[in-house]
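No hydrogens, no waters, no symmetry mates; every other heavy atom, side chains included, goes into these values.
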Amino acid sequence: MPSIRNVAAPYWAEFIGTLVLTVVGLGITAQNITNSTTSKTEALNSSFAWGLAVTLGIWTSEHVSGGHINPAVTLSRALFSGFPATRVLGYLLSQTLGSFVGALLVWINFSTALNDLPKGKGVNPAAFAFITAGNTCSGLVGEITATFIFVLAVFAITDNTSSAKNIAPLAVGLAFTAASLGVSSPLGLAVNPARDLGPRIFAALAYGLDVFAEGSFYFWVPLAGPVIGGAAGAFVYEWLVRRDAEYHTLEEGAAH
């Protein structure tokens with residue numbers, strides 16, 4: 001009979017992996033917000049930083065939990081890749097809690113600089129170090145598109161037949177960077193529901209509940225968009241790309 005520690009290990013791994021992802025990613029976001037000299041390279045810096053954050057988070061947790069560190073990946077795995085449904089809720093909670101604690105650590109590190117930001121009407125500007133925001137329509141399209149590309153790449157990279165499988169954490173991080181650079185600045189994209197929800201809950205506690213009303217209640221966009229895009233990316237890979245590849249492999253084998 002497995003011990004409590006063994007049963008809990010994958011969830012702790014997802015918690016720690018998402019915490020690492022959030023600390024690194026939100027750290028660069030906080031730097032961009034508090035340092036006026038980075039404005040011209042903000043999108044580039046953020047994209048590469050979040051890509052590295054994904055890589056570090058996966059390296060931290062992959063050997064224990066599979067390194068999902070993203071509810072969109074977990075749900076896509078459950079729908080199309082045989083991930084046990086009984087683990088889904090625990091993974092989602094662990095990822096969200098990890099991102100919440102990661103946001104807390106970033107706030108501790110940058111609280112002085114964030115508090116010095118000029119304040120006006122509406123949401124405290126420091127809150128934008130933790131949340132995504134934007135136009136609802138374009139934001140939803142961006143979240144769906146970027147997560148479609150990202151999860152499609154994740155499934156391709158981690159396929160047992162993939163030549164990139166041995167360097168999967170690095171390859172997945174580069175895939176995130178590419179999706180971010182290609183679609184939008186990750187300051188306006190989450191591509192990961194936990195990356196926004198955990199920090200947004202923290203921001204609500206630190207700066208007020210207005211963070212949920214910001215941008216005509218934009219908070220649902222980084223929750224729904226990545227789930228839709230991730231499921232679409234997983235479907236395309238599993239039912240179109242992979243099955244087509246298996247068909248051609250069988251055909252080539254029969255020809256010989």
Donor-acceptor contact present, side-chain E143 to main-chain A224, <3.5 Å: no
Is there a donor-acceptor contact under 3.5 Å from the side chain of R200 to the main chain of T132? yes
Check for me whether the distance between the ring centres of Y91 and F83 falls short of 6.0 Å. yes
Side chains of F219 and I131: closer than 4.5 Å at any heavy-atom pair? no
Exactly one candidate in K165, R77, E62 meets side chain to side chain donor-acceptor pair (under 3.5 Å) with T158; the answer is R77
Among residues at least two apart in sequence or on other chains, which ones pass side chain to side chain donor-acceptor pair (under 3.5 Å) with Y218? none
Only one of I144, T147, I149 passes side chain to side chain contact (heavy atoms under 4.5 Å, CB included) with V183; say which it is. I149
What about L223 and I228, same hydrophobic cluster or not, with Ile/Leu/Val/Met/Phe/Trp/Tyr joined at side-chain heavy-atom distances under 4.5 Å? yes
What one should report as the nearest heavy-atom pair of P118 and P125 is O-CG, 3.2 Å
List the residues meeting side chain to side chain donor-acceptor pair (under 3.5 Å) with T96, not counting sequence neighbours, and say none if there are none. none
Sub-3.5 Å donor-acceptor pair from the side chain of Q95 to the main-chain atoms of E14, do we have one? no
Scan side-chain atoms only and decide if S81 and E238 contain a donor-acceptor pair under the 3.5 Å cut-off. no
Exercise: identify the closest heavy-atom pair between N192 and I69: ND2-O, 2.9 Å
Near-ring test F130/F202, centroid separation under 6.0 angstrom: yes
Looking at every non-hydrogen atom in both residues, tell me the closest pair between T29 and F128 and how far apart they are. CG2-O, 4.0 Å
Can you see which heavy atom on P199 is nearest to which on T22, and at what distance? CG-CG2, 4.2 Å
Apply the test side chain to side chain contact (heavy atoms under 4.5 Å, CB included) to residues F155 and V236: give CA-CA distance (whole Å), side-chain angles for both, the deciding distance (0.1 Å), then the verdict. CA-CA 10 Å; F155 272 64; V236 167; over 6 Å; no
Give a yes or no on whether Y207 and V101 share a hydrophobic cluster (residues Ile, Leu, Val, Met, Phe, Trp, Tyr; joining criterion: side-chain heavy atoms under 4.5 Å apart). yes
Can you name the closest pair of heavy atoms from A203 and V211 and give their distance? CB-CG1, 4.1 Å
Closer than 3.5 angstrom, by distance alone: can the side chain of N115 be matched with the main-chain N or O of S111 as a donor-acceptor pair? yes
Assign the ring pair W239 / F235 to parallel, tilted or perpendicular, where the plane angle (0 to 90°) is split at 30° and 60°. parallel
If we only count heavy atoms from C-beta on, is the W50 to V24 side-chain gap below 4.5 Å? no
The test is side chain to side chain contact (heavy atoms under 4.5 Å, CB included); show your working for T177 and L181 and say whether it passes. CA-CA 6 Å; T177 295; L181 286 172; 3.8 Å; yes
F80, V88: one ILVMFWY side-chain cluster at the under-4.5 Å cut-off? no
Check: T18 side chain, S99 main-chain N or O, donor-acceptor pair, under 3.5 Å: no
Any link between V73 and V64 through a network of hydrophobic side chains (Ile, Leu, Val, Met, Phe, Trp, Tyr) touching at under 4.5 Å? no
Short side-chain to backbone donor-acceptor contact, S94 and W12, under 3.5 Å: no
Does G230 offer a backbone N or O that forms a donor-acceptor pair with the side chain of S76 under 3.5 Å? yes
Minimum heavy-atom separation for A171 and A164, please, with both atom names. CB-CB, 4.3 Å
Flag, side chain of N135 to backbone of S138, donor-acceptor distance under 3.5 Å: yes
